[in-house]
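Notes follow once the structure below has been shown.
Throughout, a chain's letter reflects where its sequence line sits, starting with A, and its residues are numbered from 1.
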There are 2 protein chains.
Amino acid sequence: MMLENRHSVAEILSRQPLFVGLSEAELQQIAQTTREYRVQKNEIVFQKGESPQGMHLVIMGQIKLAIPSPQGSEKVMHIVNPGQSFGEAVTFLDKPYPLSAQATQDSIVLLIDKQSLLDAIDENPRLARKMLASLSVRLHELMSDIENCALRTSAQKVASYLAQECRNTATDIWTIELGSSKQTLAARLNLAPETLSRVLGQLSKSGIIEVHGRKIQVLDRARLDETAR
Amino acid sequence: MMLENRHSVAEILSRQPLFVGLSEAELQQIAQTTREYRVQKNEIVFQKGESPQGMHLVIMGQIKLAIPSPQGSEKVMHIVNPGQSFGEAVTFLDKPYPLSAQATQDSIVLLIDKQSLLDAIDENPRLARKMLASLSVRLHELMSDIENCALRTSAQKVASYLAQECRNTATDIWTIELGSSKQTLAARLNLAPETLSRVLGQLSKSGIIEVHGRKIQVLDRARLDETAR
DNA sequence: AAAAAAAATTGACGCGCGTTAAAGAAGATA
DNA sequence: TATCTTCTTTAACGCGCGTCAATTTTTTTT
């Protein structure tokens, strides 16, 4: 994939949900101060505490956002996939990054300059609304996350994660392809990898699911939902 | 306190951080579709799952936002004090409330209509930016919350809460007045009330703090910070 | 001021889940 | 294909914190 000129950057931007509806000129302006960067698997994009330069938009690959704990473990806050952005919130405040970003795969990311994003928002109410909606979505996701880690047992966490994934698939065949390693998933659900493994084994034994590596087949949707709550 | 006419509503709005800088006309327009409501202590403002009508702005009293769990317990997500707002995020999405709101004191709240808020944002980029900043702040708060409940022990939770409160006070005398009952604080920190009580007792015994009802005197700031991490 | 209700404290107990350790499976490297 | 690394699974163990229960303190009601 080659992104060597401004034109293609603007084109890519125009395909992002956040930017549809912007005029060609507006896109060009944003594209002008947008730079592309590439990171290899496991490479750190930024550390908690650094100063943000703008909004990141994942084009290819996957970025993991996590809060490192002093004891070495970490809490995975978000897995960012292509088409999604991160670092917006910090752009509207003047604060350092509250978490670290690390690539889980070789990735290509666009970095949209802070100031030109703010300028674009000033001139385009529709963009402002989209940004507001986007932040609101993140806010709701975070609240589900808190709900998850605050008042659910390990089995409930796993079951409700799987149930959520089922809802996201369009088909009626409940096969879930985990988007990340089980380690990472465990961290996202706030579980030790061993616990996740045990819960999956247990759900398999009760005939609710069937696990084949990173593919999980849901056999009994009703009992899955029941386990989730 | 009487708020019976539009003029005073506009005036109150103009004093809210979110609305400073708006023109008189803009304020009047928002005020026109803003209504005041009062709730008594323990009264429910809205339940999880209901449809939102707009943004709530607390004038007097205190509102508790919490996610009820099926087992009857609840996770307190936020305590909203005078001058603060809630329900913005849901205004920019078309989703039901993800949590319930309940007054912990007799309260007076303004309800700003969804549509006129959106209109005001369209016409005023500064307001848009303020809303973005406001949502970003909430987002960061939620992330600290997750950090709190995901990778801290009970003593760390309490200590970091107290340390945070210290930072919020302007003075160098570290006396913290809990803004709510210890039960509610415990729920916010994701602790059983008994655990909170034990931790406070323990911190007292080590000479780090001194507890007098809802007033907490911090005696050893350094060791408090150390306990927090 | 007395009675009732709610909140806070204290102790005993048990369970869920993290920790440690070790072995097996899957992917990467050459 | 063989070796090394990383990921996943399984088992044994222990601790932190929630649960239950009883008492004391504080707040509210009359």
Next item on the list: Using five pairs at either end of the helix from C:dA1-D:dT30 to C:dA30-D:dT1, determine the angle between the two local helix axes and round it to 10 degrees.
Entry: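 Computed from the C1' atoms at both ends, the axes differ by 60°.
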Could you state the atom-to-atom distance from [atom1] of [X] to [atom2] of [N] in whole Å?
X: A:Arg214; N: D:dT8; atom1: CZ; atom2: P; result: 6 Å
X: B:Leu178; N: D:dT26; atom1: CG; atom2: P; result: 15 Å
X: A:Gln105; N: D:dT6; atom1: CD; atom2: P; result: 17 Å
X: A:Leu151; N: D:dT19; atom1: CG; atom2: P; result: 11 Å
X: B:Lys41; N: D:dT28; atom1: NZ; atom2: C1'; result: 9 Å
X: A:Asn42; N: D:dC7; atom1: CG; atom2: P; result: 8 Å
X: A:Gln183; N: D:dC7; atom1: CD; atom2: P; result: 5 Å

For [X] versus [Y], what's the shortest heavy-atom pair and its separation?
X: A:Thr175; Y: A:Lys215; value: CG2-CD, 4.4 Å
X: A:Met60; Y: A:Pro82; value: CA-CG, 4.1 Å
X: A:Pro17; Y: A:Gly83; value: CD-O, 4.4 Å
X: A:Leu151; Y: A:Gln156; value: O-OE1, 4.1 Å

Margin query: For A:Ser206, is there any backbone N or O sitting under 3.5 Å from a side-chain donor or acceptor partner on A:Arg223?
Written below: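 Confirmed, A:Arg223 side chain pairs with A:Ser206 backbone.
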Notebook entry, point to check: Are the side chain of A:Ser107 and the backbone of A:Gln62 linked by a donor-acceptor contact shorter than 3.5 Å?
Noted result: yes
Notebook entry, point to check: Given A:Arg229 and A:Asp225, is the salt bridge (charged side-chain N to carboxylate O under 4.0 Å, His left out) satisfied, shown in steps?
Noted result: CA-CA 7 Å; A:Arg229 299 253 99 193; A:Asp225 285 339; over 6 Å; no
Check: What nucleic acid atoms does B:Asn190 come within less than 4.0 Å of, heavy atoms only: base, sugar-phosphate, or nothing?
Finding: sugar-phosphate
Notebook entry, point to check: Checking all strands, does A:Leu196 fall into the base, sugar-phosphate, or nothing category for heavy-atom contacts under 4.0 angstrom?
Noted result: nothing
Checklist line | Test salt bridge (Lys or Arg N to Asp or Glu O under 4.0 Å) applied to B:Asp145 and B:Arg138, B:Arg152, B:Arg188, the passing residue | finding: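 Output: one option passes, namely B:Arg188.
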Next item on the list: Return the nearest nucleotide to the side chain of A:Lys182; candidates are D:dG18, D:dC17, D:dT8.
Entry: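 The closest nucleotide is D:dT8.
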Margin query: What is the first contacted nucleotide of DNA chain C and what is the last, in 5' to 3' order, if contact means an atom lying under 4.0 angstrom from a heavy atom of chain B?
Written below: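 Nucleotide range with atoms under 4.0 Å of chain B: C:dA7 to C:dA12.
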Check: Would you call the rings of A:Phe86 and A:Phe46 parallel, tilted or perpendicular, where under 30° means parallel and over 60° means perpendicular?
Finding: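 The rings of A:Phe86 and A:Phe46 sit tilted, inter-plane angle from 30° to 60°.
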Note to self: Short of 4.0 Å, heavy atom to strand atom, which residues of residues 198-212 of chain A count as contacting DNA chain C?
What the structure shows: A:Arg198
Checklist line | Lys/Arg-Asp/Glu bridge criterion (N-O < 4.0 Å) met for B:Lys48, B:Glu74 | finding: no
Check: Hey, is A:Arg198 close enough to A:Glu194 for a salt bridge, meaning N to O under 4.0 Å?
Finding: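 Looking at A:Arg198 and A:Glu194, the cut-off is not met.
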Next item on the list: Return the 5'-most residue of the pair A:Glu194, A:Ala155 with respect to DNA chain C, ranking by each residue's nearest nucleotide.
Entry: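 Here A:Ala155 is the residue nearer the 5' end.
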